[in-house]
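Take a look at the structure set out below.
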Amino acid sequence: MKKYKRTLVTSALPYANGPLHIGHLAGVYVPSDIYTRYLRLQGADVISICGSDEHGVPITLKARQEGISPQAIVDRYHTLNKTAFEQFGITFDIYARTSSPVHYETASAFFLNLYNKNKFIEKTTEQYYDEEAGQFLADRYIMGTCPSCGYESAYGDQCERCGTSLSPTDLKNPRSTISGSKPVLKKTNHWFLPLEEYEPFLKTWILEEHKEWKTNVYGQCKSWLDQGLQPRAVSRDLEWGVPVPVEGARGKVLYVWFDAPIGYISATRELTPDWEKYWKDPETRLIHFIGKDNIVFHCIIFPAMLRAEGSYILPDNVPANEFLNLEGNKISTSRNWAVWLHEYLREFPGKEDVLRYVLCANAPEAKDNDFTWKDFQSRNNNELVAVLGNFVHRALVLTQKYFDGRVPVATNMTTNDKHTLEEIPSIRGRVENSLDLFRFREALNEAMGLARLGNKYLAEQEPWIVIKTDPERVKTILNVALQIAVNLSVLMEPFLPFSMKKLRGFLNVDNMVWDRIGEKDLLAAGHQLNKPELLFEKIDDEVIEKQVAKLHSNRLNNNRPGKAVAPAKPPVNYDDFLKMDIRTATILKAERIPKTDKLLKLKLDTGFDQRVVVSGIAGFFSAESIVGKKVLILANLEPRTIRGIESKGMILTAEDTDGKLLWIAPDETTGNGSVVK
RNA sequence: GGCGAGAUAGCUCAGCUGGUUAGAGCGCAUGAUUCAUAAUCAUGAGGUCCCGGGUUCAAUUCCCGGUCUCGCUACCA
């Protein structure tokens, strides 16, 4: 492997429209912090970069919902997330933000540079424009009738009722969500990065030269490259973001995917005047820690941008993790199915390391993993308390008891003693080997091996028995045990920084560098130790049960402000309402339409006829379960052919804030064909 | 529909370029021990390595087909 002079570690920029949860920590920030701490302990030249990603449409939408400015939103979450990281001991050298002046300047310059080098394609397209508000409308700002299911509050990018992905021009009766007015099509210019031009380069660089990347990363890149790359727009018509620094580009900002990765560069600039050394010297090793949802951006798109610019280095590795599930279900912000970091910090004060430990030991490195509170408890009680904490405690307490807390002198080392101490450098070697390959859970387990070794040593030597016959021998035994403990405090430092600091406090030693791990006399004979306390405490069943109960009750009364109900529609008159023929009906037959995910073909009895309706509800209801079901139907909706089947009318359902569909059903006793008014 | 990843002990996972008595941690059982937060140590039980074919002297490992889970993407327009 190539030798590098320095390392630049980046961690995915969290999007500043919500708080962080354990999935973020497990997937990205715990591994990146362990890695960075490890390099720092080695005395390597390393910096760790992160910050808030503060642009993009979801932030502006959230701001609008809450009636405050986008800046207020990002200020709130930037502060919240920055604090959470600090409290968990995730030590970034800088936690910057993409709304900072340095970032604006960096991103503009980056764009301008590519622009001047003719690296972009300029295209004119027609886009919806809100004349009242005087701005172009992002897809999400346009609502209208879904051409597929007739849902009237479909967004310009997707109909949330039938899940169809849309382009704004597909919508019937489009309206602006800003002013409610009817938008007009207007020509607008955008710039595109022609990714396909970089395809040959990317193929060589990734598929030939980076076969060592994790299989999930390599596989996804290969998939993209094999399918062929397309030009990607780098600008959007939006107010919130970095303005496109070109004449005549008013109201246009850099598209967030282009903007965000440059955030790594601007953060580095903000950190050090030496930033170019980290980004442009081929002797720097660049590592991106991300989650799997970010793979293409960091492995294909951002490298293409950097390559287009020309003077930047490219990532040497992108150790992307998979996703963490929670108690058997996907973590979901909108359903509030998550363990939020700010809440954990409040409810488990002083247990930051416990969560770090559990998330590392069970990190989703090769596949999605499940976090359960029970596992959290058992790892704490059976591993941190019973193995690590207990060993340290035994060694320290025995030393207090027999030698008043002074490190006894090792007089006569047996071969077994020597052999035990010689295990330390080999454990260190295995930990290093795993960390170098980004195998953090393996590294952690190897490191725990040292604590296990310590327990084993004490059990075999039985100093509490030997003390009665041969106190001299006990000196050596405890000396060995204490040397193991002090080595442990360095070896475990990247994983459990708070606890190891505490441990060094008990041992009354300063921070030590990684290179000293394996030395047999880190503690000199006669050195005075401090009174020990417990490193970890057991966690009771009730604490765990409380957390599980909290999780489930959150889900039940799911009325968080996260996802607001759809805004009110413009008024209609009574005549308009009367035009709609809504009837009660019964489902006579239902079958899946083959090769579709969502469509069911329904046969309905409306009282006055029997008809076929195609409905996008297969994701929620099975065909068998809905036969005989009473429903409401909009009977006079103009027929539409979907998948070659003529659909006459539309089944009415209610959509809750989760996007889940609920029946709007007439009472069981109602006959078919009753008019709804 | 296309693509990617995963499927190995009760649980969570390792097993690189084919040959191992198929491993680890936790859990479980038995025994030892009592310095330690009823913590520790030893021993042990537990696996048709998702299913079906194929290549091979030999397949958990390679190839083909299938099933299930997760993700990306397309279609449904």
Are there any protein N/O atoms within less than 3.5 Å of an N/O atom in nucleotides 26-33 of chain B, and if so, which ones and at what distance?
{"unit_1": "B:C26", "atom_1": "O3'", "unit_2": "A:Asn382", "atom_2": "ND2", "d": "3.2"}
{"unit_1": "B:G27", "atom_1": "OP1", "unit_2": "A:Asn382", "atom_2": "OD1", "d": "3.3"}
{"unit_1": "B:G27", "atom_1": "OP1", "unit_2": "A:Asn382", "atom_2": "ND2", "d": "3.1"}

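- In this structure, A:Lys222 reaches neither bases nor backbone, as no heavy-atom distance under 4.0 Å exists between it and the strands shown.
- B:G46 shows a glycosidic angle within 90° of 0 and is accordingly assigned syn.
- If you take atom C1' in B:C49 and the same atom in B:G19, they sit 16 Å apart, rounded to whole Å.
- Cation-pi geometry between A:Lys330 and A:Phe323 is not met at under 6.0 angstrom from the ring centre and within 45 degrees of the axis.
- Nucleotide B:C28 forms a Watson-Crick or G-U wobble pair with B:G44, both donor-acceptor distances falling under 3.5 Å.
- Among the protein residues, A:Ala366 comes within range of the sugar-phosphate backbone only, with heavy atoms under 4.0 Å from sugar or phosphate atoms but none that close to a base.
- Using a 4.0 Å cut-off between a side-chain N of Lys or Arg and a carboxylate O of Asp or Glu, A:Glu446 and A:Arg428 do not qualify as a salt bridge.
- One can place NE2 of A:His393 at 11 Å from P of B:A38, the figure rounded to the nearest angstrom.
- The partner of B:C75 cannot be assigned: no Watson-Crick or G-U wobble pair with both contacts below 3.5 Å exists in any strand.
- Spacing of P atoms, B:G31 relative to B:U20, comes out at 36 Å, to the nearest Å.
- Protein atom CG of A:Leu384 is 12 Å distant from nucleotide atom P of B:U40, rounded to whole Å.
- Distance check on atom P: B:C50 versus B:C3 gives 22 Å, rounded to whole Å.
- Under the 4.0 Å criterion applied to side-chain N and carboxylate O atoms, A:Lys203 and A:Glu199 are assigned as salt-bridge partners.
- Within 4.0 Å (heavy atoms only), A:Leu388 reaches no atom of the nucleic acid at all.
- Below 30°, between 30° and 60°, or above 60°: for A:Phe376 and A:Phe371 the angle between ring planes is between 30° and 60°, a tilted geometry.
- Closest-nucleotide positions on RNA chain B for A:Ala363 and A:Asn445 were compared, and the one nearer the 5' end corresponds to A:Ala363.
- The main-chain N or O of A:Ser489 is found under 3.5 Å from a side-chain atom of A:Arg504 such that the two form a donor-acceptor pair.
- For A:Arg430 and B:G25, the CZ to P distance is 12 Å, given to the nearest whole Å.
- When the P atom is compared between B:A9 and B:G47, the two are found 10 Å apart, to the nearest whole Å.
- Here B:U12 presents its P atom at 17 Å from OH of A:Tyr357, a figure rounded to the nearest Å.
- Side-chain atoms of A:Arg356 come within 3.5 Å of backbone atoms of A:Pro494 as a donor-acceptor pair (strictly under, hydrogens ignored).
- When Watson-Crick and G-U wobble pairs are counted only if both distances are under 3.5 Å, B:A38 pairs with no nucleotide at all.
- Between B:C26 and B:C72, the two P atoms lie 36 Å apart (nearest whole Å).
- Distance noted for atom P between B:U69 and B:C75: 24 Å (whole Å).
- Of all nucleotides present, only B:G54 satisfies the Watson-Crick or G-U wobble test against B:C62, with each distance under 3.5 Å.
- If you measure from atom CD of A:Glu460 to atom P of B:A36, you get 20 Å, rounded to the nearest angstrom.
- Between A:Glu322 and A:Lys292 there is a salt bridge, with a side-chain nitrogen of the basic residue lying less than 4.0 Å from a carboxylate oxygen of the acidic one.
- Between A:Phe440 and A:Tyr35, the angle of the ring planes goes over 60°, which puts this pair in the perpendicular group of the 30/60° scheme.
- Under a 3.5 Å cut-off, the side chain of A:Tyr457 and the backbone N or O of A:Asp417 do not form any donor-acceptor pair.
- The only option from A:Tyr218, A:Tyr198, A:Trp213 that meets the ring pair (Phe, Tyr, Trp, His ring centres under 6.0 Å) definition with A:Trp205 turns out to be A:Trp213.
- A:Asn390 comes within 4.0 angstrom of a nucleotide base, judged by non-hydrogen atoms across all strands.
- Contact of the A:Tyr402 side chain with the A:Val474 side chain is registered, since non-hydrogen atoms from C-beta on lie closer than 4.5 Å.
- Atom CG of A:Asn433 is separated from atom C1' of B:C16 by 12 Å (rounded to the nearest Å).
- Proximity of A:Arg439 to the phosphate of B:C16: no side-chain N or O atom is located under 4.0 Å from OP1 or OP2.
- Pairing for B:U33 is absent, with no Watson-Crick or G-U wobble pair whose two atom distances lie under 3.5 Å.
- Within 4.0 Å of A:Lys456, counting heavy atoms only, lie sugar-phosphate atoms of the nucleic acid but no base atom.
- Comparing the same atom, P, in B:C41 and in B:U34 gives a spacing of 16 Å after rounding to whole Å.
- Distance alone, capped at 3.5 Å, places no donor-acceptor pair between the A:Asn216 side chain and the A:Ala366 backbone.
- Within the shown strands, nothing qualifies as a pairing partner of B:A22 under the Watson-Crick or G-U definition with both distances less than 3.5 Å.
- If you check every strand for non-hydrogen atoms under 4.0 Å, A:Phe536 touches a base.
- B:U55 and B:C63 are spaced 7 Å apart, taking the C1' atom of each and rounding to whole Å.
- A donor-acceptor pair is defined here as one N or O able to donate and one able to accept, closer than 3.5 Å; no such pair exists between the side chain of A:Asp53 and the backbone of A:Ala260.
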Hey, what are the protein-to-nucleotides 67-71 of chain B N/O distances that come in under 3.5 Å?
{"unit_1": "B:C70", "atom_1": "O2'", "unit_2": "A:Lys292", "atom_2": "NZ", "d": "3.3"}
{"unit_1": "B:C70", "atom_1": "O2'", "unit_2": "A:Asp368", "atom_2": "OD2", "d": "2.4"}
{"unit_1": "B:G71", "atom_1": "OP1", "unit_2": "A:Lys330", "atom_2": "NZ", "d": "2.1"}
{"unit_1": "B:G71", "atom_1": "OP2", "unit_2": "A:Lys330", "atom_2": "NZ", "d": "3.1"}

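- Note: CG (A:Leu225) to C1' (B:C72) measures 14 Å, nearest angstrom.
- Closest to the side chain of A:Lys367, out of B:C72, B:A36, B:U8, is B:U8.
- Within the shown strands, B:G4 is the pairing partner of B:C70 under the Watson-Crick or G-U definition, both distances less than 3.5 Å.
- A straight line from OH of A:Tyr457 to P of B:A42 spans 15 Å, rounded to a whole angstrom.
- Mapped onto RNA chain B by nearest heavy atom, A:Asn362 and A:Glu537 fall at different nucleotides, with A:Asn362 at the one closer to the 5' end.
- Using N1 to N3 plus N6-O4 or O6-N4 for Watson-Crick, or N1-O2 and O6-N3 for G-U wobble, each under 3.5 Å, B:A9 pairs with nothing.
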